[in-house]
Every structure is written in C-alpha cells, then in structure tokens.
Amino acid sequence: MVLAFALVAPSPALAAPPPYYPPVEYVPASRANYDVGRTAAITTIVIHETDGTWLSATNWFQNRNSRVSAHYLVRAWDGGIMQFVAEGDTAYHARAANPWSIGIEHEYDPRHAIPHTIAQYRSSALLVCAIARRYGIPTDRAHIVGHNELRGTDHSDPGPTWNWNYYMSLVNACSWQRAQPVARAALRTVANHGYVPSAGLEFDDISDEVLLLQWDLAYLGFMDPEEVAGGGSHFGPLTEEAVAKFQQSMVLPPTGSYDELTASALVQALLAAPADVPVTDLEMEAESDDVARLQTVLQELGYMDRVTGYYGEMTSDAVTTFQQDSGIYATGTYEVITRMALAARMRATVAREPVVEELEMTRVGFIAFGVLPY
C-alpha cells in the first residue's frame, strides 16, 4: 500500500526539474487531460509529432475536452521547450504506455511549411539526455521510441521525415552514461598537449576523445564544423576520411586510423597554427583577461553582446548555447572541446585559406626531426 501511494502521489522532486535540464517554459495542460501521479516506474521516452503548429498543440492540450496532452513540446524554429505536465504525473499521450512513459511532442506541420529543424533535434536530444539521467533510462532505441512503435497504437508519428539516425547521434553525444563530470575530467589527451586526444581511437568509437579529434580536424580544415556538430561524437566514415587526408598531408600512410604517429603529427600541426582563443579552462565566477577574450570571441560569433571580463550567468548562458549548437555536452563551462570548437568556428567565419602552407612547414619540421618512418 505504501508503494502504491508513492507511485500515485507525485513528490516535489518529480515536479521540479533538476538543474541539469535545458531551459523549459511551463504551460500547464488542462487538469482533465492528465492523471495526477504514476502507477508505474518511468522506463521509456516516446517521440511524437504534432501534425500542426505549436500554437494549435498548446490550445489542444489546454482544451479540457480534448483528453490529450504530452509532458513536453519542442518548437521547430528555435528548439524552445514547453512543459505541460509534470514528469511525476501521467500525460495522455500514448494510451497503454502512459503510466510508464514520458511523451515529447515535436512541432511539425508540412501543410504550413514547418519542418523538423536542427535546433529542434538538438534541444530535444538535450531534454532526452536529462530525462534519461534523472531516471536511469538507457539511451538506446529500445527505450527511446516513436509513438508508432508502441504496441496497440494506430498512430504513424514520427513519420519518414524524422531522422532517427541523426537524432540518436545527438543523444549519444550527450548521454549521461559517458558525460558525467568524472568521466569528462578523465578525457584522455596527449601529455602536455591537452588539446589533442590520445592515440588509439578506432572506427565506430563514440566518446569525448573522438569529438575533440573531430574539432581539431575541423580547425585544420579537414572536417566541416556542421558535420562535427551533428555527428554525435562518432568515429564514422567522415572522420576516417578526414584522418586519412590529414595523414596524407603530413606524408604519413593514409590509413584513416588514429595511431601514435598521427597523434604526434596532430600536435605539431596545431602548434604550427595556434588558435586565437583562451588556452585555460574557465568557469563561473572567474575574472581575467582570458574571460574577456572568450567573451570577445563569443561576441564575434553572435552569442554575446558585452565584454566584461567576468564569467557570470551571461557568459555561462552564451557558452551553453554555443555548446548546444556545436554538439557538445552543454555544461556552460569553457573546456578543451569547447575551445577547439570555438577556434574552428572562428576560423570558418573569417574564411581563411586552408592551412596548407602551415601544414607544409609542419611536415618539413616533422621530417627534420626524424619522426617519419621514411
């Protein structure tokens, strides 16, 4: 009886999202459109499409006669998240699955030219990662499902335009299983060169080290920043091809695998073309010239409008938004992956020529020190 009561009556903790959730606007659904409490543990996240505008969905959830709701709605144009039902309560979104699932609607209305957007995918993925972290839900396709994949449903959403591969790559990039602070603090990098990941990364790896490698290659002109931002930290064909091209530019065997020799060459290439962004890690309440430089770069990229030299909420919010736009687990702190992403974005905005000349000089130096095997 005690357990049953605990499942039915929501606790304050279930009603208020933890601080690691992305920003959420609360818009309460009609009380007629959900049940208070839960009768089962939360194990599944259900992905929906609205087949209408976010305004029509909002009106529908607030209409007491609709008998329909969802926990969240993610807007298309900017990825804004609205919450209609507390996670500790049972929304009416998936029939028999309601007691043990959380429903996330996504604005989609092809009749009014409203498609799914990158901003929407990224915002939704951050929300899913936060929910998964909160309840210990595995971030895989057995636990993150479409409405159309549930038993006994007659719904077809999300339809064929929903990009599951891209979406899950974003979820994998921010999933809490590998994004805990302890794990991030243990980012494996080359000794005394923390901006280069340690050798040994392999095809199909998914890790922060892979993401750092990708942003290093993007900075040097071997990967497209947008491909890195949407790649989910996955060492796939694009990364393998970029590594091979980098190896070829350094007169190394173009194997596409990230070995010790390639890591050494990457260190030399980045030393030859230093990034004009702060080198040290920065976080809330820091005050220094490095903070001012970080703010200046964020301002040039359109993420801030003031330079103060103080790392407060304004700077943290700007860094968070930049991280979200760059496929980086959003912490609001400035660390090595964010550093290389910022450097790559800056390099792209000023439309500088590819770093062929810099790499040529580096290659010559590499050979002079007898590092190459021939």
Side-chain angles (χ1 to χ4, degrees), residues 7 10-11 13-24 26 38 40-49 70-74 79-91 93-94 97-106 116 119-150 157-158 162-186 205-208 210-211 229-234 320 323-324 326-332 337:
L7 288 171
S11 69
L14 287 176
Y20 51 78
Y21 268 51
V24 173
Y26 184 58
R38 294 272 185 174
I42 299 169
T43 61
T44 304
I45 300 168
V46 181
I47 303 300
H48 300 266
E49 284 175 337
H71 292 92
Y72 295 98
L73 169 64
V74 185
I81 303 172
M82 289 173 281
Q83 182 175 17
F84 293 87
V85 178
E87 292 173 1
D89 292 332
T90 306
H93 68 102
N98 290 338
W100 39 269
S101 66
I102 288 176
I104 304 177
E105 286 279 1
H106 296 80
H116 296 301
Q120 185 184 55
Y121 279 120
R122 290 179 179 167
S123 184
S124 176
L126 288 174
L127 176 62
V128 164
C129 287
I131 294 170
R133 174 179 176 177
R134 188 178 191 182
Y135 301 104
I137 301 171
T139 50
D140 56 35
R141 287 286 281 112
H143 298 84
I144 303 169
V145 302
H147 192 181
N148 56 354
E149 296 172 319
L150 295 171
D157 63 305
W162 179 260
N163 191 334
W164 275 111
N165 287 338
Y166 175 59
Y167 184 65
M168 292 306 296
S169 76
L170 295 176
V171 171
N172 286 331
C174 67
S175 65
W176 73 276
Q177 286 97 328
R178 62 179 195 81
Q180 292 289 339
V182 171
R184 294 188 62 82
D205 280 353
I206 298 175
S207 68
D208 284 341
V210 171
L211 186 58
S233 310
H234 177 229
T320 295
Q323 290 169 327
Q324 291 171 341
S326 301
I328 301 169
Y329 186 72
T331 62
I337 300 177

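In what follows, every heavy atom counts, from backbone to side chain, and hydrogens, waters and symmetry copies are set aside.
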Excluding sequence neighbours, so at least two apart, what forms side chain to side chain contact (heavy atoms under 4.5 Å, CB included) with S123?
V74, I81
Who pairs with D140 by side chain to side chain donor-acceptor pair (under 3.5 Å), at least two apart in sequence or on another chain?
H143
Partners passing side chain to side chain contact (heavy atoms under 4.5 Å, CB included) against A125 (at least two apart in sequence or in another chain):
Y167, L170, V171
Ignoring hydrogens, what is the shortest heavy-atom contact between E87 and I102? Give both atom names and the distance.
CG-CD1, 3.8 Å
Write down the atom of E105, the atom of A70, and the distance for their closest heavy-atom approach.
CG-CB, 3.6 Å
Closest contact, heavy atoms only, A130 versus Y20
O-CE1, 3.5 Å
Under the side chain to side chain contact (heavy atoms under 4.5 Å, CB included) test, which residues partner P23, sequence neighbours left out?
none
Heavy-atom pair of closest approach, residues E149 and W164
OE1-CZ2, 4.3 Å
Those residues at least two apart in sequence (or on a different chain) that pass ring-ring contact (aromatic ring centres under 6.0 Å, His included) with Y72 are none
Applying side chain to side chain contact (heavy atoms under 4.5 Å, CB included), can you list everything that pairs with N163, at least two apart in sequence or on another chain?
Y121, N165, Y166
Heavy atoms only: give me the nearest A97-L150 pair and the separation to one decimal.
CB-CD1, 3.9 Å
H106: partners by ring-ring contact (aromatic ring centres under 6.0 Å, His included), with sequence neighbours left out:
W162
Hey, could you give me the CG/CG distance between L211 and D205, rounded to the nearest 0.5 Å?
13.0 Å
Check I337 against D208 and note the closest heavy-atom contact, atom names and distance.
CD1-O, 3.7 Å
Nearest-0.5 Å distance that lies between atom NE2 in H116 and atom CD in E49:
3.5 Å
Atom pair CD1/OG of I131 and S124 - distance to nearest 0.5 Å
8.0 Å
Do the side chain of Q324 and the main chain of R122 share a donor and acceptor less than 3.5 angstrom apart?
no
H93 side chain to I47 main-chain N or O, any donor-acceptor pair under 3.5 Å?
no
Considering residues at least two apart in sequence or located in another chain, which fulfil the ring-ring contact (aromatic ring centres under 6.0 Å, His included) criterion with Y21?
none
Residues that H147 engages under ring-ring contact (aromatic ring centres under 6.0 Å, His included), provided they are two or more places apart:
H48, H155
